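Since the structure comes first, as structure tokens, the remarks are kept for the end.
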Amino acid sequence: MSTTALNSTALNRAPDPLAEPWRPAEFEARLRAVGEERYHDSHPFNLRMHSGDLSQDELRRWIVNRFHYQRHIPVKDALITAKLDTPVLRRMWLRRIQDHDGLQDREGGIERWLRLGEAAGVHRETLLSGDSVLPGVRLAVDGYVNFCRLRTPLEAVAASLTELSAPDLMRTRIEAFQRHYRWIEPQGLAYFRTRVSQGRRDSREALDLVLDWARSRDDQERAVAALRFKCDVLWSLLDAVDQAGRREQE
Ligand SMILES: O=C(O)c1cc(C(=O)O)c2c(n1)C(=O)C(=O)c1cc(C(=O)O)[nH]c1-2
């Protein structure tokens with residue numbers, strides 16, 4: 001990611017009241033361009049994952065640290081749900097919480113991630129304790145949760161639009177795991193399989209809301225900036241995981 005790209009995360013810039021809103025197609029293209037430019041599928045750690053270059057320790061470290069992100073997704077979705085003012089919208093967002101938490105014990109995305117850990121030889125107690133979560137990962141996840149706590153519903157929902165790019169990444173990841181990391185038991189990949197269809201549905205719904213809500217140019221620019229910020233969250237998380245591995249090798 002270039003420095004210019006980082007500096008353009010203009011979350012607090014002054015709005016230009018005279019700026020014309022972008023037409024819906026242009027607005028959508030600008031949102032999608034953010035993902036193409038800075039989604040974490042092109043982070044060096046993900047590239048190494050996909051080409052089979054990660055050691056068992058590195059992959060396990062990623063699973064442990066990514067669990068910190070996973071377990072906070074329903075927390076940030078609860079914060080968003082509290083900002084939505086109709087039953088239809090709250091039901092829509094509540095389903096996301098249920099996708100992760102399940103409707104009962106031993107179900108849902110968090111449980112599937114715990115099983116991914118077990119399939120890779122990481123005890124669920126290790127994941128649940130959170131003891132080995134890296135400081136940079138904690139900060140990145142806190143950043144995302146607090147963003148959704150403090151910003152408008154439009155910005156919080158726009159931040160979730162990284163999920164436009166997630167289903168393709170899930171498919172690449174499943175293939176990479178099957179080819180290069182056969183020591184992980186295949187049933188552990190259920191998390192990623194489930195996210196392909198969930199991510200498609202969630203991102204479609206979120207995109208429709210953002211296109212509908214952001215009518216002024218200022219709102220549209222805020223939505224784009226929110227999505228850039230979220231890309232930075234995912235990128236920083238992987239930076240922390242990547243650097244911990246490099247430190248260990250020194
Ligand atoms: O593994 C990934 O690369 C990845 C990325 C993202 C994303 O793009 O935000 C999510 C997920 N996974 C994921 O599993 C998930 O449940 C999820 C929820 C959200 C969100 O912001 O609401 N993003 C993502």
Side-chain angles (χ1 to χ4, degrees), residues 28 31-32 34-36 39-41 43 46 49-50 62-63 65-84 87-120 124 127 140-141 144-145 147-148 153-154 156-178 184-212 223 226-227 230-231 233-234 237-238:
E28 180 173 341
L31 289 165
R32 290 186 184 275
V34 173
E36 277 156 34
Y39 192 55
H40 67 167
D41 57 345
H43 189 284
N46 267 335
M49 180 188 290
H50 300 158
W62 174 78
I63 289 171
N65 279 281
R66 260 300 299 263
F67 183 66
H68 191 68
Y69 176 81
Q70 295 312 138
R71 71 184 344 182
H72 283 87
I73 292 288
V75 174
K76 73 91 187 166
D77 282 327
L79 291 163
I80 295 176
T81 307
K83 294 177 201 259
L84 301 174
V88 170
L89 290 175
R90 285 194 296 270
R91 260 200 310 272
M92 178 193 287
W93 227 263
L94 190 58
R95 201 206 48 235
R96 292 177 181 236
I97 299 176
Q98 291 166 343
D99 284 346
H100 285 276
D101 287 343
L103 293 174
Q104 51 194 350
D105 279 353
R106 305 262 154 186
E107 283 183 2
I110 291 182
E111 174 63 27
R112 279 192 287 278
W113 196 277
L114 290 168
R115 291 185 190 173
L116 167 66
E118 287 171 337
R124 63 173 55 218
L127 288 172
V141 171
Y144 186 32
V145 172
F147 186 89
C148 294
L154 168 66
V157 171
S160 78
L161 286 178
T162 44
E163 285 210 85
L164 287 168
S165 311
D168 284 349
L169 176 56
M170 294 304 131
R171 286 214 302 270
T172 306
R173 194 178 289 157
I174 291 166
E175 273 174 38
F177 274 52
Q178 285 172 333
I184 298 178
E185 292 166 35
Q187 75 275 13
L189 305 186
Y191 181 83
F192 306 131
R193 292 190 206 290
T194 314
R195 281 313 297 174
V196 174
S197 54
Q198 287 180 348
R200 271 209 203 98
R201 182 206 54 206
D202 289 355
S203 57
R204 186 67 250 174
E205 283 178 354
L207 182 62
D208 287 344
L209 291 179
V210 168
L211 294 176
D212 185 32
L227 183 49
K230 169 68 172 309
C231 287
V233 165
L234 294 171
L237 192 158
L238 282 187

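Any value given below was found using the heavy atoms of this structure, including those in side chains, with hydrogens, waters and symmetry copies removed. The model shown is predicted, which means the values in this text are computed figures rather than measured ones.
Annotation for A206 and L161: closest pair CB-CD2, 3.7 Å, computed over non-hydrogen atoms. Between L127 and R71 the shortest heavy-atom distance is O-NH1, 4.0 Å. The nearest pair of heavy atoms linking S160 to K76 is CB-NZ, 4.1 Å. Between L114 and F67 the shortest heavy-atom distance is CD2-CZ, 3.8 Å.
Remark: of the listed residues R112, R115, R66, Q70, Q70 is the sole one forming a side-chain hydrogen bond (donor to acceptor under 3.5 Å, both in side chains) with Y191.
Looking at heavy atoms from C-beta onward, R173 lies in side-chain contact with M170 at the 4.5 angstrom threshold. Residues L209 and W93 meet the side-chain proximity criterion, which asks for heavy atoms closer than 4.5 Å. Here the side chains of Y69 and L234 are in contact, with some heavy-atom distance below 4.5 Å. Within the 4.5 Å cutoff, the side chain of M49 has heavy atoms near those of the W62 side chain. At least one side-chain heavy atom of L189 sits less than 4.5 Å from a side-chain heavy atom of Q178. The closest side-chain heavy-atom distance from H43 to L237 is not below 4.5 Å.
Between the side chain of W113 and the backbone N or O of G108, no donor-acceptor pair lies under 3.5 Å. Side-chain atoms of K83 come within 3.5 Å of backbone N or O of C148 as a donor-acceptor pair. Checked by atom type and distance alone, the side chain of D41 never pairs as donor or acceptor with a backbone atom of L169 at under 3.5 Å.
Between D202 and R195 there is a salt bridge, since a side-chain N of the basic residue sits under 4.0 Å from a carboxylate O of the acidic one. Taking the charged nitrogens against the carboxylate oxygens, R171 and D168 do have a contact shorter than 4.0 Å, which makes a salt bridge.
Counting non-hydrogen atoms of neighbouring residues, nucleotides and ligands closer than 6.0 angstrom, the CG atom of D105 reaches no more than 12 such neighbours.
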